[in-house]
Trainee: 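This is the structure I have questions about; it appears just below.
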There are 4 protein chains.
Amino acid sequence: MKSEKSKNTQEKIFNAALKVFSEKGFSGATTSEISKEAGVAEGTIFRYYKTKKDILRGVMLEYVERFEEFANLESLKKIIRENKDKSIEEILKIILLDRYKVFEKNYNIMKVIHYEMQFHEDIKSMYIEKIREKEYQMSNYIFKQIKINKEEYKNIDYKLISRIFRGMMFGVFFQRRSEMEKDNIIPIEKEIDVMIDVFFNGIKKK
Amino acid sequence: MKSEKSKNTQEKIFNAALKVFSEKGFSGATTSEISKEAGVAEGTIFRYYKTKKDILRGVMLEYVERFEEFANLESLKKIIRENKDKSIEEILKIILLDRYKVFEKNYNIMKVIHYEMQFHEDIKSMYIEKIREKEYQMSNYIFKQIKINKEEYKNIDYKLISRIFRGMMFGVFFQRRSEMEKDNIIPIEKEIDVMIDVFFNGIKKK
Amino acid sequence: MKSEKSKNTQEKIFNAALKVFSEKGFSGATTSEISKEAGVAEGTIFRYYKTKKDILRGVMLEYVERFEEFANLESLKKIIRENKDKSIEEILKIILLDRYKVFEKNYNIMKVIHYEMQFHEDIKSMYIEKIREKEYQMSNYIFKQIKINKEEYKNIDYKLISRIFRGMMFGVFFQRRSEMEKDNIIPIEKEIDVMIDVFFNGIKKK
Amino acid sequence: MKSEKSKNTQEKIFNAALKVFSEKGFSGATTSEISKEAGVAEGTIFRYYKTKKDILRGVMLEYVERFEEFANLESLKKIIRENKDKSIEEILKIILLDRYKVFEKNYNIMKVIHYEMQFHEDIKSMYIEKIREKEYQMSNYIFKQIKINKEEYKNIDYKLISRIFRGMMFGVFFQRRSEMEKDNIIPIEKEIDVMIDVFFNGIKKK
DNA sequence: GATGAATGAGATTTCATTCAT
DNA sequence: GATGAATGAAATCTCATTCAT
């Protein structure tokens, strides 16, 4: 029976930890800094998380939860169904823009997990099972649809196409974030537009 | 006057540090583990590097050195000149395959620097100046060439095309490495082939 | 909001550090020994002092504080005022005896600071500003009074007389302390008596 | 059979050690810095001194040697004999000026020994036996002479007078050295003049 | 529940000393 | 004799975790 207040405290700790992890990395973060950032005593952290590592597990669980909310096959199918009148390109542009916004909003949590999973087997296997596999399912689903449409599109292994698309998408997204210090960056809408246009033009028969 | 012996010791420490950094991250690595891995006393490390952070700087310097060796505008131009009879697609396939091999060989050092630059301003600014800018120059150079060839290619801002291409390339490369536990992974040659074909088909006029 | 308990811990550490510093010198002292002497864990020291050097700074601050308490121009003037009926010699005997008692009580802290200021510029400049200058002001004040009394005293530069007096006083004080292993040492009262008598007889006109 | 070269090396090490000890203290000095200052390899030090502590013992021995050269009862008596026509004040002024010059020349070595003897019993007992006792003997000798001259001088315990005189002398000498940063310091000749005049006037009968 | 002082294991770093060349 | 690379014990310092209040 979590009280309002204690829920609030846990949240403060979680947010503080996420901030500090994303700025210093898990190992570089100290519970002392997290407690200061959260505005609680250092000991309080350990009433909510048994160990520092446990906070990281909490971050992972939150990541999975958020991911499942915004990225799942059902909602993808729903979007496609609801936009039957639009071309697949148009639909994907909508999806990617949405994904980029989610990406931006959840950048810190993603960054932390992507970095730390290298060093923590439990985080890694959970990531593969709960995130990566879902990600692959979704992109595979899209390009399987296209493969069916044999007349218009080239006959390329849909899994390979799916791989390249995913690589391109995340490559472009991460590249944008790594250029945050630049001021004349191109708008994301324009970049997605061109990315999708080139890619789909590329996989079409002439 | 570095003796053979001492050069050897420094190398052992460097390699050990690189290995441990890539397995545990900079903060998660301990000088004790590095010394064991290198087969030297812990104190010996500090004859070669003033501080642990200094080892990371050494890794960065080595990265820059290696990068400048294999990735510079001159050698890129040379490859293009030497392959004048081949199509731009063919040339890029050669370049990308080469880059992937370099990427694989230098994966650890790249991974370490890409991750750690988030947490160390000095590493980050050096990375931007010495690596990223050069990378951008090179890909921009390639797509500027194509732009000139107006008849065949669509009229898209070459910098934007260059961005998307780089994103795709690194996205695909990193995706491969993050899937190392998979056994049925597609050969890199095939993946590059399709990637280039789709991308160049995509930017051509119909 | 320092609790009683933590104030007590800091004091234990301070006293232990002072003892060990005075027995081994700053560089020769180890935080391990200080912690044992203080009866706390070694790590506890660093909750109260950021670095070992910081403990020395703490010692310096304490020295200044104690010095300002017992040695300031106002209280000197007060003593003189209150003893108007006594001769200057009698007054100075009272002052010197008091100073010697303070000297004995604060011998360790004085010794540590006097020695260490040679090696630490920050300690030295603080010493000069906060201690030596005040010391000079006070002795100068006394001998300026005497100078005014032209009839009785020789016409010697009061600053020079003041210098020699200070030198004699501290020389005698330190000589006593450096002979602690001797058992037949003359009582301080007698030594001060003779010192003052000789000195004032010496500066008087015949 | 010390060769010229090796004698030279030992001397270089000795001088370097003395310099570094006087700047950093014995514990604060490192053999690495001494070797750099001496212009020899670190290992070379240990061919001439078994341990770092041994260098300090060497410094002590050198101090004793120098002291015995310039300060011994025989030469004191000789000076007095040779200046029979001069007053005791005049003779002491000559002696003190000479002692101050020796003091200045040997300041570093004195400073090091005076500081370190607190922390090293062997150094301390050697100091007491070889230096302090001789020092006391000499000043006692002088004031015993004066005591004999009962008519002119007050009847004060010659040992006490001797103590105060020594305290004054070293107090004044050290005070001068501790004011090295000042530029308008009074000449030593003048200070000695006044010091002796005041002191001897002070111990005379009216 | 919350606090924050205290802990102590372990991390980084220093440095006198050794020894192969 | 001289060198300086290597050592490892010990020093300084950090920090996750505990626990009395």
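Labels below follow one simple rule: chain letters A, B, ... track the order of the sequence lines, proteins then strands, and each chain is numbered from 1. Owing to the predicted nature of the structure, the values given are computational and were not obtained by experimental measurement.
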Trainee: For D:Arg47, is there an ion pair with D:Glu42 - N to carboxylate O distance below 4.0 angstrom?
Mentor: no
Trainee: Checking all strands, does A:Thr31 fall into the base, sugar-phosphate, or nothing category for heavy-atom contacts under 4.0 angstrom?
Mentor: base
Trainee: E:dC15 P sits how many Å from B:Ile45 CD1, rounded?
Mentor: 17 Å
Trainee: Considering only F:dG4, E:dT3, F:dT17, which nucleotide approaches the side chain of A:Thr51 most closely?
Mentor: F:dT17
Trainee: Are the charged groups of C:Glu33 and C:Lys24 less than 4.0 angstrom apart, N to O?
Mentor: yes
Trainee: Between D:Arg47 (CZ) and E:dT18 (P), how many Å, whole number?
Mentor: 13 Å
Trainee: Which nucleotide sits closest to the side chain of D:Ala41: F:dT3, E:dA16, F:dT17?
Mentor: F:dT3
Trainee: Out of F:dA2, E:dT12, F:dT14, which has the shortest distance to the side chain of D:Tyr48?
Mentor: F:dA2
Trainee: Given pairs defined as Watson-Crick or G-U wobble with both distances under 3.5 Å, what dot-bracket annotation applies to DNA chain F, with ( ) intrastrand, [ ] crossing, | other strand and . unpaired?
Mentor: .||||||||||||||||||||
Trainee: Which whole-number value in Å describes the distance from A:Asn8 CG to E:dA2 P?
Mentor: 10 Å
Trainee: To the nearest angstrom, how far is A:Ile13 atom CD1 from E:dT3 atom C1'?
Mentor: 12 Å
Trainee: Whole angstroms only, please: what is the CD1-P distance between D:Ile34 and F:dA2?
Mentor: 17 Å
Trainee: Is the D:Tyr115-C:Phe119 ring centre distance short of 6.0 angstrom?
Mentor: yes
Trainee: Rounded off to whole Å, could you give me the CD1-to-C1' distance for the B:Ile55 and E:dT13 pair?
Mentor: 12 Å
Trainee: To the nearest Å, how far apart are B:Phe46 CZ and F:dA5 C1'?
Mentor: 16 Å
Trainee: Taking C-beta and beyond as the side chain, do C:Ile55 and C:Phe26 meet within less than 4.5 Å on heavy atoms?
Mentor: no
Trainee: Of the candidate nucleotides F:dC13, F:dT3, E:dT7, which contains the atom at the shortest distance from the side chain of D:Val40?
Mentor: F:dT3
Trainee: Check whether NZ of the Lys or CZ of the Arg D:Arg177 lies under 6.0 Å from the centre of the six-membered ring of D:Tyr107 and within 45 degrees of that ring's axis.
Mentor: yes
Trainee: For C:Thr44, answer base if it contacts any base atom (sugar-phosphate contacts may also be present), sugar-phosphate if it contacts only those atoms, and nothing otherwise; contact means non-hydrogen atoms under 4.0 Å.
Mentor: base
Trainee: Look at the side chain of A:Thr9 and decide which nucleotide, out of E:dA2, E:dG4, E:dC15, has an atom nearest to it.
Mentor: E:dA2
Trainee: Given that B:Ala29 and D:Lys53 both sit by DNA chain E, which one's nearest nucleotide is further toward the 5' end?
Mentor: B:Ala29
Trainee: Of the nucleotides F:dA11, E:dT17, F:dT17, which one has an atom closest to the side chain of A:Glu42?
Mentor: F:dT17
Trainee: Regarding D:Gln10 and D:Tyr49, do their side chains bring together a donor and an acceptor under 3.5 Å, going by distance alone?
Mentor: yes
Trainee: Return the value, rounded to whole Å, for the distance between atom OH of B:Tyr49 and atom P of F:dA6.
Mentor: 13 Å
Trainee: Among D:Lys52, D:Lys50, D:Arg57, which residue meets the salt bridge (Lys or Arg N to Asp or Glu O under 4.0 Å) test with D:Asp54?
Mentor: D:Arg57
Trainee: Go through the side-chain N and O atoms of B:Tyr63 and B:Glu68 and say whether any donor and acceptor fall under 3.5 Å apart.
Mentor: no
Trainee: Need to verify one output field. Residue with the more 5' nearest nucleotide on DNA chain F, C:Ser27 or D:Gly39?
Mentor: D:Gly39
